[in-house]
Every structure is written in C-alpha cells, then in structure tokens.
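What follows is a short report on a single structure.
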Amino acid sequence: QAKHKGKSAYHRFTPDLNQQSRERLKLETQLRKAIEQDELLLYYQPIVETANGQLVGAEALIRWDNPLLGLVAPDKFIPLAEETGLITSIGEWVLHTACRDVKKWHEDTGLKLTIAVNVSPRQFRDVKFIDTVMKALEVNDLAGEYLELEITERLLLDDSIETFEILHKLDAMGVKLSVDDFGTGYSALSYLKSYPFDSLKIDRSFVKDVNTEAEDAALVTAIITMAHSLGLKVIGEGVEDVAQMQFLRAKGCDYAQGYYYNRPVAESDFCNWISENRRAYAT
Ligand code: C2E
Ligand code: MG
Ligand code: MG
Ligand code: MG
C-alpha cells in the first residue's frame with residue numbers, strides 16, 4: 001500500500017518498522033488471552049518496619065508466564081496494556097487476587113499484613129475503578145485499611161477534579177494511598193496537602209547512592225522530614241544492602257523494601273517464608 005503514496009513514503013516504511021509493529025500486535029494478541037489462559041501471576045515482596053525489622057505487608061508485582069516468552073516482567077507489557085485498555089481487566093484481576101491472598105495470610109498467620117497494589121493512570125480513570133476496588137474488598141471480606149493503592153506522580157500531573165474525587169472516595173473507603181516512585185514525576189509538591197495520601201515511597205534511584213553521594217543523602221533526608229511534617233509515612237524502595245537500610249533507619253524512614261530483605265517471590269514461597277517464622281528481619 002505504502003508504495004502507492006510515492007517514493008518517500010515507501011522508504012519510510014522500512015521492514016524494521018513493519019516487523020516491530022507485527023511483534024507488537026502478536027504481543028497484544030497474546031496478552032488478550034493471558035487472563036483467560038491463567039498466565040498472569042502475582043509475585044510478592046515484603047515491606048518491613050525499619051526500626052525493628054518486623055514484616056508489615058507486601059507489594060504485589062505482576063508477572064506474565066507465557067508459554068512462548070517465559071516469565072515476562074511488567075515493564076515489558078504494562079505499557080502495552082495501558083495503551084490498549086487491557087489494563088482495566090488486568091488491573092481488576094490484580095486487585096481481586098491480591099485481596100484474596102492477603103485475606104488468606106490474615107487467616108493463616110494472624111498477622112494483619114497490608115497489601116500494596118500498583119494502579120496505572122488509565123485503570124485509575126476508568127469509570128468502574130471505584131466499584132472494582134469495592135467489589136474486591138467485599139468479595140474477600142477485607143477491610144479497606146489492609147489495601148494500599150500505589151499511584152505515581154505522573155497520574156497527578158493533570159490536577160483534575162476527577163482525580164481529587166476518586167482519591168477522596170478511596171480514602172473514605174478506608175483504603176490507604178501512597179505515592180510511588182516519589183521524586184521522579186516532576187510534579188509540584190502542592191498536591192500533597194489537598195490529596196489524602198498516607199505515605200510516600202522514595203524512588204530507588206535516590207536510595208541507591210545514599211551512602212556515597214551527599215546530594216542523594218540530603219534529598220532522602222529532606223523527603224523524610226517533609227513527609228513526616230505532613231503526617232505521611234515513608235517507605236524506602238530498592239534497599240539492597242545493610243548500609244542503605246541503616247541510613248534510612250537512622251533518618252527515621254518508617255518502612256523499607258528491597259533485595260536486602262527479599263526479592264519478589266511467588267505466593268507459595270511468600271507463605272512458606274512467613275510460616276517459617278521469619279516474620280521479622282535482624283536489625
Ligand atoms: P514499582 O511499583 O516501583 O515496583 C518496584 C520495582 O522494583 C519492582 O520491579 C521490584 O521487583 C523492583 N525492586 C524491588 N526491590 C529492588 C531492589 O532492591 N533493587 C532493584 N534493582 N529493584 C528492586 P518489577 O516487579 O519489575 O515492576 C516494575 C514496575 O511495574 C513496578 O514498579 C510498577 O510500576 C509496575 N507494576 C508491577 N506490577 C504491576 C501491576 O500489577 N499493575 C500495574 N499497573 N503496574 C505494575
Ligand atoms: Mg509500586
Ligand atoms: Mg487515608
Ligand atoms: Mg516504585
């Protein structure tokens with residue numbers, strides 16, 4: 001077809017591009033079947049209280065186990081799911097599965113763990129989003145306080161009345177709200193006083209060099225101080241070694257998450273790990 005549009009159009013339509021879009025289409029077709037074919041799963045990564053090493057909850061991190069592609073990381077398919085709108089049904093599946101699993105942990109262990117679930121912008125703005133959250137809580141008989149929704153600053157950029165209303169409705173349901181990847185979204189900080197957030201997750205790019213780069217140390221310290229004076233809790237992301245953990249603890253960062261404690265693991269491994277009585281980490 002392109003060749004009828006003349007030479008330049010023909011040349012722009014390179015085989016590479018063609019192949020790229022065909023691969024995208026293939027991925028999209030496979031992703032559409034992922035839910036019904038039971039290929040999606042949630043990995044769980046512990047969230048720990050820095051002061052005493054106590055396990056307080058977990059973040060649900062989606063994986064796609066495709067027979068042809070193997071275990072696909074979210075960065076490889078969540079953007080496509082966003083673009084195509086598939087994120088609405090994927091997100092619904094995530095919410096239901098995460099609520100079901102945390103309810104089970106409550107019953108099996110007696111620990112009142114919180115489950116953190118990532119919400120992407122298109123999913124958040126879907127007209128049925130609030131109902132979906134409500135349903136996931138109801139069906140699993142889970143109180144809102146045990147569900148924490150993670151939202152990036154990117155979502156807050158538009159500063160719309162809808163965003164404001166959705167966040168306040170979720171807050172009224174008792175659901176916890178946190179800002180994910182805090183510090184990377186080029187967002188004005190003023191939203192922190194009008195939106196009902198409970199916590200900030202400091203992006204791992206700041207945590208990484210906290211013991212070697214004075215600027216990163218200053219930023220992390222300032223974020224913790226600011227968050228606390230606004231009544232927000234702080235979670236350090238991407239904690240990989242004991243020195244980073246100790247820095248965060250010394251600065252009063254409430255919670256931490258990262259490979260230092262545990263990598264994200266499948267639900268059964270997460271359960272085994274809790275029941276092996278490793279409910280607290282050495283501090
Ligand atoms: P995120 O929400 O910021 O999640 C943290 C990411 O950092 C996870 O990557 C986690 O495996 C990784 N991580 C945790 N600790 C460490 C560490 O110590 N070092 C390093 N280098 N990395 C660490 P993952 O699982 O690949 O997820 C990537 C992103 O995909 C997430 O970033 C989140 O934005 C998105 N995502 C994951 N699951 C879902 C989901 O169910 N729905 C939506 N909408 N997005 C999701
Ligand atoms: Mg997250
Ligand atoms: Mg609240
Ligand atoms: Mg993050």
Side-chain angles (χ1 to χ4, degrees), residues 31 34-35 39-48 50 57-65 70-102 114-126 129 132-133 136 147-155 176-185 187 197-210 220 223 234-245 247-248 253 255-267 269-270 281:
L31 190 55
I35 297 183
E39 293 175 359
L40 298 178
L41 64 159
L42 293 183
Y43 270 28
Y44 293 104
Q45 185 178 36
I47 298 175
V48 174
T50 52
E59 178 174 6
L61 295 158
I62 197 169
R63 301 291 183 265
W64 176 19
D65 192 5
L71 203 61
V72 189
D75 293 335
K76 296 273 186 311
F77 68 94
I78 290 294
L80 182 65
E82 268 271 306
E83 276 175 56
T84 54
L86 284 169
I87 194 66
T88 312
S89 45
I90 292 176
E92 187 176 348
W93 176 87
V94 171
L95 277 164
H96 276 269
T97 307
C99 289
R100 184 198 66 199
D101 287 350
V102 74
T114 297
I115 190 70
V117 170
N118 294 284
V119 177
S120 56
R122 182 138 173 200
Q123 180 190 0
F124 182 86
R125 296 211 172 84
D126 186 85
F129 179 63
T132 303
V133 175
L147 174 65
E148 177 147 346
L149 299 179
E150 299 191 357
I151 283 149
T152 57
E153 290 174 306
R154 193 160 57 94
L155 189 144
K176 302 286 179 219
L177 299 166
S178 61
V179 183
D180 203 353
D181 307 336
F182 183 77
T184 62
S187 180
F197 282 107
D198 298 285
S199 52
L200 302 184
K201 299 190 79 167
I202 305 178
D203 191 67
R204 77 162 178 267
S205 58
F206 300 111
V207 173
K208 197 167 152 278
D209 299 319
V210 97
V220 168
I223 293 171
V234 190
I235 303 158
E237 287 195 282
V239 177
E240 293 187 351
D241 58 44
V242 66
Q244 292 165 341
M245 184 276 282
F247 179 94
L248 293 175
C253 182
Y255 307 108
Q257 178 184 353
Y259 296 169
Y260 169 68
Y261 296 104
N262 229 335
R263 291 192 175 244
V265 291
E267 201 269 337
D269 294 332
F270 188 76
Y281 289 87

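When reading the values below, keep in mind they use all heavy atoms of this one structure, side chains included, and skip hydrogens, waters and symmetry mates. Throughout, numbering of the chain's residues begins at 1 and tracks the sequence. Just so it is clear, the model here is predicted, and its values are computed rather than measured. Both counts, for ligands and for their atoms, begin at 1 and track the order of listing.
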Is ligand 1 less than 4.0 angstrom away from at least one heavy atom of E237?
yes
Which residue holds the protein heavy atom closest to atom 11 (O) of ligand 1, what is that atom called, and what is the gap in Å?
P264 CG, 3.3 Å
Scan the protein's non-hydrogen atoms and note whether one is under 4.0 Å from atom 32 (O) of ligand 1.
no
Which is the closest N/O/S atom of D181 when seen from the Mg ion (ligand 4)?
OD1
Show your working on side chain to side chain contact (heavy atoms under 4.5 Å, CB included) between D65 and R63 and close with a plain yes or no.
CA-CA 6 Å; D65 192 5; R63 301 291 183 265; over 6 Å; no
Within the protein, is there a heavy atom lying under 4.0 Å from atom 9 (O) of ligand 1?
no
Aromatic plane relationship, F129 with F124 - under 30° parallel, 30 to 60° tilted, over 60° perpendicular:
tilted
Minimum-distance atom from the Mg ion (ligand 2) among N, O or S atoms of E59:
OE2
Out of all atoms in ligand 1, which are within 4.0 Å of some heavy atom of Q45? Include the element for each.
14 (C), 15 (N)
Side chain to side chain contact (heavy atoms under 4.5 Å, CB included) between I35 and L86, worked out:
CA-CA 10 Å; I35 297 183; L86 284 169; over 6 Å; no
Nearest to atom 13 (N) of ligand 1 by heavy atom, Y259, Y43, Y260: which?
Y259
With heavy atoms and a 4.0 Å threshold, my read on which part of D180 contacts ligand 1 is side chain
Provide the number and element of each atom of ligand 1 under 4.0 Å from a heavy atom of V94.
41 (O)
So the atoms of ligand 1 within less than 4.0 Å of a heavy atom of D181 turn out to be 3 (O)
Ligand 1 to S120, heavy atom cutoff 4.0 Å, flagged ligand atoms 44 (N)
OD1 (N118) - the Mg ion (ligand 2) - OE1 (E150) angle, nearest 10°
90°
Are F206 and T184 close enough, and set up right, to give a side chain to side chain contact (heavy atoms under 4.5 Å, CB included), and what steps lead you there?
CA-CA 9 Å; F206 300 111; T184 62; 4.3 Å; yes
Going from CD on E237 to CD on Q244, what distance comes out if it is rounded to the nearest 0.5 angstrom?
12.5 Å
Just to check, does R63 reach to within less than 4.0 Å of ligand 1 when the distance is taken from its heavy atoms?
yes
Give me the nearest non-hydrogen protein atom to atom 38 (N) of ligand 1 as residue plus atom name, then the distance to 0.1 Å.
I62 N, 3.1 Å
Considering R263, R122, R204, which one's heavy-atom position lies nearest to atom 7 (O) of ligand 1?
R204
Distance in Å, T97 OG1 paired with L41 CG, rounded so as to fall on 0.5 Å steps
9.5 Å
Does a salt bridge link K201 with E148, judged by any charged N lying under 4.0 Å from a carboxylate O?
no
Can you tell me how far CG of L61 sits from CZ of R263, rounded to the nearest 0.5 angstrom?
12.5 Å
Is there a donor in the side chain of S120 and an acceptor in the side chain of E82, or the other way round, less than 3.5 Å apart?
yes
From L40, N118, I90 - option closest to atom 43 (C) of ligand 1 by heavy atom:
N118
Between the side chain of E59 and the main-chain N/O of I47, is any donor-acceptor distance below 3.5 Å?
no
Should you measure from each heavy atom of P74, which atoms of ligand 1 turn up under 4.0 Å away?
24 (P), 25 (O), 26 (O), 27 (O), 28 (C), 30 (O), 36 (N), 37 (C)
When you measure from atom 28 (C) of ligand 1 to each heavy atom in N262, D75, I87, T184, which option holds the nearest one?
D75
Within less than 4.0 angstrom of ligand 1, does K201 place any heavy atom?
no
Do any of the N, O or S atoms of D203 sit under 2.8 Å from the Mg ion (ligand 4)?
no
Just how far is it from atom CG of L155 to atom CG of D180, taken to the nearest 0.5 Å?
11.5 Å
Atom indices of ligand 1, in the order listed, that fall short of 4.0 Å to a heavy atom of E240
17 (C), 18 (O), 19 (N), 20 (C), 21 (N)
Please identify which of these residues, I223, I235, D203, meets the side chain to side chain contact (heavy atoms under 4.5 Å, CB included) condition with F182.
I223
When you measure from the Mg ion (ligand 2) to each N, O or S atom of D180, which atom gives the shortest distance?
OD2
Measure the CG-OG1 distance between N118 and T152 for me, rounded to the nearest 0.5 Å.
9.0 Å
With rounding to the nearest 0.5 Å, note down the distance linking CZ in F77 to CG in L31.
7.0 Å
